[in-house]
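The next block holds one structure in the form of structure tokens; read it before the comments.
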Amino acid sequence: MTRKLIWIFLLMIAGSLPAEENYVIGQQGFFRIQGIHQSYTIDNDSSLSEFSVPVEVYWPISRETSLSIYTSYANANGKDMGEIAGLSDTQISWNYYLEDQNLVFNLGLGMPTGKTALDSAEFQTSMFISQHYWNFIVPSFGQGFNLSPGVTWALPVNDGAVLGLGLAYQIRGGFVPLKKTEAVYKPGNELLLTAGLDIRVGTLSTLSGDFIFTSYGSDTYADTLEVFKSGNKMVTNIQFKTYFEYDILTLLLRYRSKAKNRIIGSDSTGTYKLVAEREKSYPNHIEFSGQYKHRHSNAFSMSYGIEGRFYEETGIYEGSNLIGIVLTPEMKLSNKSQLIGRLKYWTGSYSTDVSLSGLEIGAGWIYQF
């Protein structure tokens, strides 16, 4: 059981395949393509929507090594907004498992295939869809080349518990955000630290928790001008999972908090420099989800769920609450392929009592090899 808990923990924070395979490096390769429509309506008037086509390939090169590639096409627009359409950047991830030391090494590459050099209308729309509370599949398009090495380590505490630590550093490249300019915007580099604990709480049940801390470097424009520095971010996750023969119950609670950002301003002498925001622009928020996956037959399963997202009110942000009902069917076509679907309906409001609703609907195909 200790070995399986190590697998579960390393999979959880290294981002491999589901733990049911009992391999740290999942041995089931797959190709997945989906089409997903997401839309939100504010006060039955303003609207914002995105249609995306994420594509993913996972290739287990050996028992110790895997490679994955992910990219997406998206089209976004809204009422009184310009349309933006194109590819996102392509993410390539390589994993290597050093079994004797319970270590997973990871190297991520962000390839600059995404749309950049936007016109003013596209840029405005991109700013709206990137806001964190919408949770769009493609929150941004092109953001330049990036390189992200990382390592994850798991340590057995006893027969029923595993402690783990992770470290990753992302080196961000620059890109040209607007047309008719050659000035390059370079996001700051990022440092990520994580710690987690997995505990067996029953024969078929596990309880896991992790804490993630992210620190950001300063964003620069035109090579030398510092224009923004994101505040440090902390994320805490708690997850409970249990099995009932072929059915699975999963409960997840997540809390995110972020310090004040630093933005460009000027002092009494007129010198431009980074200064702390007067009010936080990134509100603390809580997310939860409960999902029960039931196997109706050998060929058909359905997950029934409820999700919630709650954002606090700040001096410059109206708080918001969203509750969603979720249905995700899976239909097996053959031993190697299946159809998947998703349907989410959101309802809620801002703290000003302005109504807010959302719809997410999609379908996809998975081929295993």
Side-chain angles (χ1 to χ4, degrees), residues 7 10-21 23-38 50-76 84-98 103-116 126 129-130 135-152 166-175 187 189-190 192 194 328 330 333-334 336-342 362-369:
W7 287 331
L10 289 173
L11 287 163
M12 180 179 70
I13 59 180
S16 191
L17 285 177
E20 285 78 358
E21 282 195 358
Y23 293 99
V24 170
I25 300 298
Q27 295 301 291
Q28 181 63 71
F30 67 88
F31 167 82
R32 175 164 50 206
I33 184 169
Q34 301 179 76
I36 302 169
H37 170 81
Q38 297 170 279
E50 178 183 275
F51 175 73
S52 59
V53 184
V55 180
E56 183 178 7
V57 178
Y58 175 80
W59 176 32
I61 300 172
S62 68
R63 289 177 60 89
E64 297 82 23
T65 308
S66 70
L67 185 70
S68 64
I69 302 174
Y70 177 90
T71 191
S72 183
Y73 167 85
N75 180 298
I84 177 172
L87 291 175
S88 68
D89 287 340
T90 299
Q91 306 299 322
I92 302 173
S93 180
W94 171 84
N95 291 293
Y96 178 76
Y97 176 44
L98 187 60
L103 290 169
V104 173
F105 295 95
N106 173 267
L107 182 64
L109 292 175
M111 306 302 294
T113 56
K115 184 181 179 71
T116 58
S126 74
I129 66 172
S130 67
N135 203 26
F136 281 123
I137 299 295
V138 180
S140 61
F141 287 78
Q143 292 195 321
F145 175 83
N146 64 74
L147 176 68
S148 179
V151 61
T152 304
L167 167 68
Y169 188 77
Q170 185 168 202
I171 302 168
R172 307 291 299 270
F175 64 99
N189 296 340
E190 302 175 15
L192 183 146
T194 183
T328 52
E330 300 177 16
L333 300 178
S334 69
K336 290 186 175 293
S337 75
Q338 63 177 340
L339 296 177
I340 55 175
R342 68 164 75 187
W365 177 64
I366 300 175
Y367 179 78
Q368 298 176 334
F369 56 85

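All values below come from the heavy atoms of this structure, side chains included, with hydrogens, waters and symmetry mates left out.
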May I have all residue pairs that pass salt bridge (charged side-chain N to carboxylate O under 4.0 Å, His left out) and include part of residues 106-116, sequence neighbours excluded? Lys115-Glu122
Heavy-atom check, side chain of Thr65 versus side chain of Ile25, under 4.5 Å: no
With Asn75 via side chain to side chain donor-acceptor pair (under 3.5 Å) - residues at least two apart: Asn77, Glu83
Is the side chain of Thr113 donor-acceptor paired with the backbone N or O of Thr90 at a distance under 3.5 Å, no angle test? yes
In chain order, what residues pass the side chain to side chain donor-acceptor pair (under 3.5 Å) check against Glu50, with sequence neighbours excluded? none
Indicate yes or no: at least one non-hydrogen side-chain atom of Val53 is less than 4.5 angstrom from one of Ile33. yes
Any heavy-atom pair between the side chains of Asn146 and Leu109 that's under 4.5 Å? no
Is the backbone of Thr71 close enough, under 3.5 Å, to the side chain of Glu56 for a donor and an acceptor to pair up by distance? no
Does Glu190 use its side chain to pair, donor to acceptor, with the backbone of Ser148 at less than 3.5 Å? no
Are side-chain heavy atoms of Leu167 and Tyr169 found at a separation under 4.5 Å? no
Please confirm whether Tyr367 and Phe31 have ring centers closer than 6.0 angstrom. no
Has Asn106 got a side-chain atom pairing as donor or acceptor with Trp94's backbone, closer than 3.5 angstrom? yes
Which atoms form the tightest heavy-atom contact between Ser72 and Ser52, and what is the distance? OG-CB, 4.0 Å
Please check this pair: side chain of Asp89 against backbone of Gly114, looking for a donor-acceptor N/O pair closer than 3.5 Å. yes
Mind checking whether Leu107 and Pro149 have side chains closer than 4.5 Å, heavy atoms only? yes
